[in-house]
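Only heavy atoms go into these numbers, but all of them, side chains included; no hydrogens, no water, no symmetry mates. Just so we're on the same page: letters track the sequence lines, and every chain starts at 1.
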2 protein chains.
Amino acid sequence: MFLKHIDLIKGLYYSKTASLNDLSIYTGRSIPYVTKGIADLMKLDIVKEVGIRASSGGRKPATYSLIADTGFILSVAMNQFLTRIVIVNMNNEFVGEVQEFELKLGDNKDAIHSLIACIKAVVVNSGLPQDKFLAIGITMPGFIDAFLGNNLSFLKAPEETLVTYIAKQAGLPVFIENDSTAIALAEQKFGLPIARNNSMIINLGWGVGLGMIINKEIFKGHSGFAGEFSHLPLHKNGKLCSCGKQGCLETEASLLAIEAKAAEGLKHGQVSSLLKYDTVSADNIIDEALKGDAFAIKIIAEAAYFIGQGLAILLHLMNPESIILSGKGSVIGKLWLSPIQQAMNEHCIPHLTTYTQLAVSNLGNNAQLLGGVTTVIENLYKLNPQANISEPT
Amino acid sequence: MFLKHIDLIKGLYYSKTASLNDLSIYTGRSIPYVTKGIADLMKLDIVKEVGIRASSGGRKPATYSLIADTGFILSVAMNQFLTRIVIVNMNNEFVGEVQEFELKLGDNKDAIHSLIACIKAVVVNSGLPQDKFLAIGITMPGFIDAFLGNNLSFLKAPEETLVTYIAKQAGLPVFIENDSTAIALAEQKFGLPIARNNSMIINLGWGVGLGMIINKEIFKGHSGFAGEFSHLPLHKNGKLCSCGKQGCLETEASLLAIEAKAAEGLKHGQVSSLLKYDTVSADNIIDEALKGDAFAIKIIAEAAYFIGQGLAILLHLMNPESIILSGKGSVIGKLWLSPIQQAMNEHCIPHLTTYTQLAVSNLGNNAQLLGGVTTVIENLYKLNPQANISEPT
DNA sequence: GATACTTTTTAAAAAAAATAAAAAGTTTTC
DNA sequence: GAAAACTTTTTATTTTTTTTAAAAAGTATC
């Protein structure tokens, strides 16, 4: 009964409020079918009617929404150094503040236990009953095997898959996804309209990630490794990359590369407001660039130009509707835009750039957290319904 | 009645012989539905039962095929210099020989009229009644707007679209497609099994074309320009490309580039069996390379290495199941393979190449012609059925 | 060589979509 | 400014398609 209507729940979740007609279009099913389904969900107290919407001519449609506290999702967004956790209700609203935990992913045998402790703490401190949580969505860097539930790069679990281990410890279903893929999911569902059909989502972070939306769907390639933008062999700089090769794009264009360049510059006597910090972090550089520090702006623009070079290649191959700058680094979106556009124009077939819009995400630093939620929603059909959204028998 | 069963006709065309169960899987419809459909098509004398197939245990299935002379398709495969035309029946068999016509596409105001004359000649000489032809499928280089039916690069028609003009002159429906896309279509339908789901089809010809198969479907991008592999900005050689930029991949790796390099080498005193030709053509180079000429092999290997460099980028981004070398140049497939594989290994993240198979097409020089046929079959639903496969009323 | 297991085909029931009609608004027009 | 014409949503009915079940026709095994 409940499982049959998962697509309606997804449609309502992503649109927040929808009419029967909207849902018929979203699900691709007939209006009578949707009408019956919504009636069922209202009987189960999962959906409620929220009002009548204006019409451009014709009868005004009734609109429906999910009931916000029917269930909650725990979204866990990890990067190399920081883990952020938030609780989200069925109206896609954050419940309480985003909580941050310093947690080093690489070279840290204890990472998985720290992670579980953080998750438990957030669940307990929320004051919400455990059975109100639908599932946990964890998003993080690395080669993720979402099917088996393992991260091939970080967080090895003892003698079972990462997902089953955390699920057992936390007492909740767990789904995992790669951080860049998660950000692409978030942009697809909650971002700009031009990001929905054919879009390249760039994750500006400690690497330069790429999530691809092709024909409205996330594309991960034959074995799940598509979108390795960060390791495109574009430079002959001899710099060794974490992947083992030399000259990868990320050796010149990631936040890590920017940090290194800043440190190098300051050591050689660069004048900059960055000098006031003991050790210069990416966050410092972002802050000072926003305040107008010339040196900070220059090294960001340099990295942006290299990203633009890579994007020119992407443009030739994929001819996307849009390229969206998202992830941690996108909060200084405007600083990236013009050098990227410049590089793209220089390196593309004439006029090819006119078919693709370059834009900064409107999701800010929340993209990855929303991607974790989306990962759960997309996997809703795998949950045993009785365990969570209870169905009157 | 007929239109409803187009998907069954497509399934039978591509598989040549199929059981009801095969067709149910192919069309995604239930067996009762397929059973009724095939019965309908048999009444219309479009399909016949061709026998009973062996079974791996259980009742032997009846198998069905299209009746070969129900209709014919004219496939026209053009390149910069040569146009090849063949008639194909409903069992995907060539009827008569492939006919070749020298026809220059670029800088030739008369090209469209020459083309129409060639088509008319083939139709008349076939001795088949005009109304037995379903449609004409024309495949050629250039930016093709398959929706409107225009080639933005070559063959401008006076005051209407290219498709409507040729259709009017030839008295038959016309569909057009880009040559590399057509080759990808042919590989998808008639090529190796590994080319069906996620495959990059390389068209080794006067340029280096790319047709992408993503999630079992041809991907053309947001505005139809995806797959511009030939113009990836990978070289700093200063060589001007036909696209207006410098250093495109095709300036080093296409048959045109190979011709130029051969001429250059011979002028500077290279020892080679190529010296016996007045002007060296790509066909000569291919021939002599096959016979073992060291110089010919060397320049082909050089070009192949550059293609491999480009493919490394493709591999990082798309993580395909396979890369298929197809098109005119694939007849010397084995000469390309090892330098391409070498370059891919050198420029890819370790192990990434192990997930992708590199293979030479089994369709030889027929890929583009088969692509023209496929273009027609894929557009079958647009035809007025009564005009061609006649339906008893 | 009878029994157990597969696969295909046919028949009956259930589900979903397409169609048609009704209801409820908007906009146009005289 | 009210009636006609047009839109859009909702409800009811019919048709199409799928699902389920059963039968038919083989193959493999002990």
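Axis angle between the ends of the helix from C:dG1-D:dC30 to C:dC30-D:dG1, five pairs each and rounded to 10 degrees, works out to 10°.
The residues B:K220 and B:E177 are annotated as salt-bridged, a charged nitrogen and a carboxylate oxygen being separated by less than 4.0 angstrom.
For B:A167, the side chain to side chain contact (heavy atoms under 4.5 Å, CB included) criterion is met by B:V174, not counting sequence neighbours. For A:T63, there are no side-chain hydrogen bond (donor to acceptor under 3.5 Å, both in side chains) partners, not counting sequence neighbours. The side chain to side chain contact (heavy atoms under 4.5 Å, CB included) test applied to A:N91 returns A:L66, A:A68, A:N89, A:E93, not counting sequence neighbours. B:T27 meets the side chain to side chain contact (heavy atoms under 4.5 Å, CB included) test with B:D7, B:L8, B:R29, B:V34; sequence neighbours excluded.
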Can you check each nucleotide of nucleotides 9-19 of chain D against protein heavy atoms at under 4.0 Å and return B for base, S for sugar-phosphate only, - for none, in 5' to 3' order?
BBBB----SBB

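A donor-acceptor pair shorter than 3.5 Å cannot be found between the side chains of A:D45 and A:T70.
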Salt bridge (charged side-chain N to carboxylate O under 4.0 Å, His left out), that's the test. Do A:K10 and A:E378 meet it? Break it down for me.
CA-CA 8 Å; A:K10 281 169 63 173; A:E378 292 295 306; 3.5 Å; yes

